[in-house]
2 protein chains.
Amino acid sequence: MTETGRKNWQAVQEEVRRRIHARIWAPGEMIPNEQDLAEEFGCARATVNRALRNLSEAGLLERRRKAGTRVALHPVRKATLSIPLLRKEISDRGAAYGYRRLDFRPGHPPADLARKMNARAGDGFVRVMALHLANATPFALEDRWINLATVPEAAGEDFTETSANEWLVENAPYTHGDIAFSAVSVDAEKAGHLDCPPGAAIFTIERMTWNKARAITYVQQFFRPGYRMKTQL
Amino acid sequence: MTETGRKNWQAVQEEVRRRIHARIWAPGEMIPNEQDLAEEFGCARATVNRALRNLSEAGLLERRRKAGTRVALHPVRKATLSIPLLRKEISDRGAAYGYRRLDFRPGHPPADLARKMNARAGDGFVRVMALHLANATPFALEDRWINLATVPEAAGEDFTETSANEWLVENAPYTHGDIAFSAVSVDAEKAGHLDCPPGAAIFTIERMTWNKARAITYVQQFFRPGYRMKTQL
DNA sequence: GAGTGGTCTAGACCACTAA
DNA sequence: TAGTGGTCTAGACCACTCC
């Protein structure tokens, strides 16, 4: 059952996966070093390295210099979520995308949010509430604060035609962001916009994006009841 | 401001990031090919390749043979979630982990679930309901079906001491899985277990894991109200 | 100190695909 | 068909860290 052919990095990866899965290399156990594996598989060490590095990033292996490579004891399940623009998500589902701005006004975020956004006294903000529709029915409601101190150009926009999301993608690239997923009961106002009963359980995504140390925007999106975010392990 | 020093792959990646961010290379625009960049940065093409491949996997670049490399028009936000064992998640929060098996019995999953699990007539199943506690208060409730046709060894377990999750990690490694996140209103029974009002909005994770084409287990986890799953963009 | 993984190089060939 | 990214090689040096 030993494979002897010369292997490319994907074949090496598959063979290592197989051995882990078949318990030939058990969880917590050391596996041979790159040099030896390269000889066994008849390929260069760099090829083995590529395969093992990939498996390590996937959480199946743990690698340390000098200590060597071992099979992860508790293979951490890692799932990669891609968070598309709502326009794209809706049209990918074959539905017609619609956008409606509900409210737009200057203002100040609540104290705890201002603190999380690392806001300074005097920073200006605008708040935008908007609805994304799929085939003319509510799909997601978004409640957004934009920091004008970070994105002064946003002061000239009112987001009646273009969603703040898309405007920001074009005009205010971010360096990093935080994202959180949770469930909430919607209040009567939001329920009205989403066309669902007050108190319904709603899936929400909160996102804060940053340009270096300055917050660009905070947004909370409320999805229609029944929404499921899916991905692979 | 042009950096001229010889670069390693991380420095190349940072410089490319900077140019995208500074709109030197605008969204949708082609960037130079690997050969030219290698000359500019004074490194080997493989080094540039490593950097650009990384950025491509991150969703910032789109690469095609012959067509070249361009800055992604809509940088897909990709977030990597790590889904730890609940035991680990709870103890990482500094709380004492507790486990209580609530129910355990053989049975058959509802027809739609059996179909999703690709079950054959005659496949045996067990259902396990269990509670994970943090400092003796309910943290998450799980409702699980295990396919005994795929994992016959599970028939000898009753999961009173060890959670099915941890037993399966040890004894039934999976090849791939599907995962979905959503919000639900809990029914009275689940609310009782989670010690929250009936109808509360609850964050749930559903997971189906597979060994090749055979379903191992389906589990739905109901988290205590207020639970937030966080990660970085 | 020594063994391991991490990275870089220079060159080569291959796979894909736009033109 | 030609240009681009994808991969592989053989060798080298380095960085880390266990012993």
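Reminder, nothing fancy here: chain letters follow the sequence lines and each chain counts from 1.
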List the residues meeting salt bridge (charged side-chain N to carboxylate O under 4.0 Å, His left out) with [X], not counting sequence neighbours, and say none if there are none.
| X | result |
| --- | --- |
| Asp112(B) | none |
| Glu89(A) | Arg93(A) |
| Asp143(A) | Arg127(A) |
| Arg45(B) | Glu34(B) |

- Which residues satisfy the side chain to side chain contact (heavy atoms under 4.5 Å, CB included) test with Arg144(B), sequence neighbours excluded?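 Counting only residues at least two positions away or on another chain, Arg144(B) forms a side chain to side chain contact (heavy atoms under 4.5 Å, CB included) with Glu142(B), Ile146(B), Ala164(B), Asn165(B), Leu168(B), Thr217(B), Val219(B).
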
- Message: Tell me every residue that passes side chain to side chain contact (heavy atoms under 4.5 Å, CB included) with His21(B), counting only those two or more places apart in sequence or in another chain.
- Response: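 Only Pro173(A), Thr175(A), Asn211(A) meet the side chain to side chain contact (heavy atoms under 4.5 Å, CB included) criterion with His21(B).
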
- DNA chain C contacts among residues 50-63 of chain B, heavy-atom distance under 4.0 Å: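 The answer is Arg50(B).
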
- Query: For DNA chain C, whose closest nucleotide is more 5', that of Asn33(A) or that of Thr47(B)?
  - Reply: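 Nearest nucleotide further toward 5': that of Asn33(A).
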
Between protein and nucleotides 16-19 of chain D, what N or O pairs are separated by less than 3.5 Å?
residue, atom, partner, partner atom, Å
dC18(D), OP1, Arg64(A), NE, 3.2
dC18(D), OP1, Arg64(A), NH2, 3.3

- Qualifying residues under ring pair (Phe, Tyr, Trp, His ring centres under 6.0 Å), relative to Trp25(A), sequence neighbours excluded: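 For Trp25(A) there are no ring pair (Phe, Tyr, Trp, His ring centres under 6.0 Å) partners, ignoring immediate neighbours.
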
- Item | Flag for Gln13(A)-Asn54(A): side-chain donor and acceptor within less than 3.5 Å |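 Checked: Asn54(A)/Gln13(A) side chains pair up, N/O donor to acceptor below 3.5 Å.
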
- Item | Test side chain to side chain donor-acceptor pair (under 3.5 Å) applied to Tyr174(B) - qualifying residues, sequence neighbours left out |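 Side chain to side chain donor-acceptor pair (under 3.5 Å) check on Tyr174(B) returns nothing, list empty.
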
- Looking at residues at least two apart in the chain, or sitting in another chain, which of them share a side chain to side chain donor-acceptor pair (under 3.5 Å) with Trp9(A)?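 Scan of Trp9(A) (side chain to side chain donor-acceptor pair (under 3.5 Å), adjacent residues dropped) gives none.
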
- Task: Anything under 4.0 Å to a heavy atom of chain A counts; send over the first and last such nucleotide of DNA chain C, read 5' to 3'.
- Result: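 Counting from the 5' end, contacts occupy dG3(C) to dT7(C).
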
- Task: Starting from the 5' end of DNA chain D, give me the residue, Ile31(B) or Ala46(B), whose nearest nucleotide shows up first.
- Result: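 It is Ile31(B), whose closest nucleotide lies nearer the 5' terminus.
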
